[in-house]
Amino acid sequence: MSLLEIRGLKVSYGYVEALHGIDMDIEEGRVTALIGSNGAGKSTTIKAISGMIRHSGSITFSGKELPSSSNKVVKAGIIQIPEGRRVFAGLSVEENLKLGAYSLDGKTIKEDLERQYELFPRLRERSSQDAGTLSGGEQQMLVIARGLMAHPKILMLDEPSLGLAPIVVNEVFRIIESIKGAGTTVLLVEQNANTSLKISDYAYVLENGHIVKEGTGSSLLSDPAIAAAYLGKRE
Amino acid sequence: MFLQLLFNGISLGAVYALIAVGFAIVFSVLKFSNFAHGGMISICAYIGFFFQKTVKPTPPIWVTILFTSLCGIVMSLFLDRIVYASIRRNKSPKNYYFLSSLTISIIITAILNVFFSKNPLAYPMLFSSTTFNVGNIRISRMDTMILIVSVVLLVLLIFLIDKTKVGLAMRAVSIDPETSKLMGINSNFIILMTFSLAGILAGVSGVLLGCKYGVFPDLGQSMMIKGFIASVIGGLGSLGGAIAAAFLLGIIEMFWTYVMGSLSTPVMTFVVMLLFLFIRPQGISGRFAKEKV
Ligand SMILES: Nc1ncnc2c1ncn2[C@@H]1O[C@H](COP(=O)(O)OP(=O)(O)OP(=O)(O)O)[C@@H](O)[C@H]1O
Ligand SMILES: [Mg+2]
């Protein structure tokens, strides 16, 4: 049994169906990648899991039906790091981190903050700075750290490398590997297919709301069709 | 004379601050100006009045304030349930909030007008003597009581918002409701908290205003305008800005009335608001001003 099992997941925006019934398995302790081009439905999938939008089909977590309201999903330990670096501008870096731990009882908050500051030293230097004034790279680090504050069982990252300089992108992927190293299950949504396939154990390819391909990261990397469509190589 | 006017101005400003914060708190979380607050203040003033008058032995004023605040919470939540919740559910435009909150205030005032006359009902005397002297300035006991109660409430509220987990969650929702959900914040709970706080503020300001001006149907609506203006000057949705602006407004009003007479006071308030919007359209705090109604 996988940690998260998605069966026949459908999502509609108004009358337009964005996901046409997809199946996915997310294995415990692994990095699972979901790749696809713009508008394929990657964010929609993550939002459906998070309980941010209504869906049909079933999502089970450790064998039990996942609750449909977002606060209960978070409480269960499924944490989404949304696309576009959504920090709370106007709140300090530390307040942002504390919000990440909102679903916990607050007993471990000191140690948790300390752990994130060790992982992300730049955040410690800026702990009282307005999060809205951080650089793009720092904001991305902050939202990842904020997600980790919740002790996630599954961490879902939506395009964490988008719009970052190559050196920061490498940093982000290094962090994702260390998150995996710590035993956290990761669902990674990326357009940067090359790097994400390299660090993922298993991957799904989404096109227009359908899963069109799946396989281990390395098998997809060597698949000529994938290479042509997503890796910028010629067949 | 100067010190006395200043003191009265601060005391008046403190009540305006309660009203302004009642607005600002709902505005910052739900992004609409809750004009029903005025009607709520009127009802609360009557509730406090009859509680104080009928309960025997006559309760101390803080018991009345407490009781009225509880009623304020209940009414505020009731209002949210029957009116605003359905607007939220249907994702209707913000204008709906504006229109319905204004309508509610008007309806409440109209109903009160049916049952009560326009002549103010005076709260029973709270103090055996009405003033005391500090040096050579005469200070009204009533104004002192109002100032103390308001400041205590404001301090508690600021503590709640700035230092507690719920307060942090409220600020997060006011900044970005979608991302707040991803933190596991239950937006319904935050909305409940917001309306409860607004209810408490309506309850306390209702009793205090009733003590000061007597109780009449238009009490809340007329005072609400001052609170609204303060929250606009302060930068809608900003608590600190609203409080600062409310004190400023109270003080200016006192001095203006002393110099120019009370007839022109309402004009003064609007002039101050317009001046402020002109000089500093983003409000004292510089946030949220673009979304004002
Ligand atoms: N709130 C919405 N209302 C209507 N349609 C939407 C909404 N959000 C997404 N869609 C549509 O659903 C489809 C999938 O969108 P989604 O955001 O999931 O794509 P994505 O794979 O995350 O793309 P990107 O890589 O650009 O982020 C798109 O056609 C999009 O236009
Ligand atoms: Mg997306």
Side-chain angles (χ1 to χ4, degrees), chain A residues 14 43 46-47 49-54 67-92 94-107 109 130-132 139 142-152 155-158, chain B residues 24-25 27-31 85 88-93 158-194 234-242 282-291:
Chain A
S43 299
I46 280 196
K47 285 180 188 160
I49 299 170
S50 280
M52 302 288 284
I53 39 179
R54 293 167 58 88
S68 62
S69 66
S70 55
N71 56 308
K72 288 186 186 143
V73 174
V74 172
K75 191 107 195 150
I78 302 182
I79 305 298
Q80 179 194 151
I81 295 176
E83 64 188 331
R85 304 195 272 282
R86 304 276 288 268
V87 300
F88 291 100
L91 300 185
S92 71
E94 184 145 323
E95 285 173 325
N96 270 270
L97 291 174
K98 284 182 174 165
L99 281 166
Y102 182 84
S103 59
L104 308 180
D105 60 11
K107 284 193 188 107
I109 191 125
D130 178 346
Q139 292 191 355
L142 176 57
V143 293
I144 294 176
R146 188 179 66 189
L148 291 173
M149 286 292 289
H151 295 264
L155 192 67
M156 307 189 291
L157 297 112
D158 196 348
Chain B
I25 222 164
F27 189 91
S28 64
V29 173
L30 290 130
K31 304 289 179 276
R88 268 200 305 282
R89 213 170 22 250
N90 301 332
K91 299 206 166 51
S92 310
I158 290 173
F159 176 82
L160 178 86
I161 305 255
D162 274 358
K163 297 278 182 270
T164 67
K165 189 172 171 180
V166 183
L168 182 58
M170 286 176 73
R171 283 183 287 151
V173 172
S174 84
I175 294 168
D176 185 343
E178 285 294 301
T179 307
S180 300
K181 285 190 190 163
L182 297 177
M183 306 295 108
I185 297 171
N186 180 347
S187 52
N188 287 328
F189 170 70
I190 295 299
I191 291 170
L192 211 84
M193 275 301 291
T194 306
L236 271 169
S238 147
L239 300 195
Q282 70 276 50
I284 290 179
S285 75
R287 277 208 285 143
F288 295 129
K290 262 184 258 132
E291 297 166 86

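Letters A, B, ... mirror the listed sequences (proteins, then strands); counts begin at 1.
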*Report the distance from atom OG1 of B:T179 to atom CD of A:Q80, rounding to the nearest 0.5 Å.*
8.5 Å
*Taking atom CD1 of B:I175 and atom CG of A:N96, what is their separation to the nearest 0.5 Å?*
8.0 Å
_Max heavy-atom pair count under 4.5 Å with chain B, selected residue of A:K98, A:K72, A:R146_ = A:R146
*Check side-chain contact (heavy atoms from CB on, under 4.5 Å) between A:E83 and all other residues, then give those that pass, not counting sequence neighbours.*
A:S43, A:D158, A:E159
*asked:* So which atom in A:M52 and which in B:L182 form the shortest heavy-atom distance, rounded to 0.1 Å?
replied: SD-CD2, 3.7 Å
*Where is the tightest heavy-atom contact between B:A172 and A:F88, given as atom of each residue plus distance?*
O-CE2, 3.6 Å
*Tell me the residues of residues 184-192 of chain B whose non-hydrogen atoms fall below 4.5 Å from those of chain A, in number order.*
B:G184, B:I185, B:N186, B:F189
*Those residues of residues 158-168 of chain B, ordered by number, that approach chain A below 4.5 Å (heavy atom to heavy atom)*: B:K165, B:L168
*If you look only at pairs with a residue in residues 177-190 of chain B, which of them pass as a salt bridge (charged side-chain N to carboxylate O under 4.0 Å, His left out), with sequence neighbours excluded?*
B:E178-B:K181
*What part of A:I46 lies closer than 4.5 angstrom to a heavy atom of chain B: side chain, backbone, both or neither?*
neither
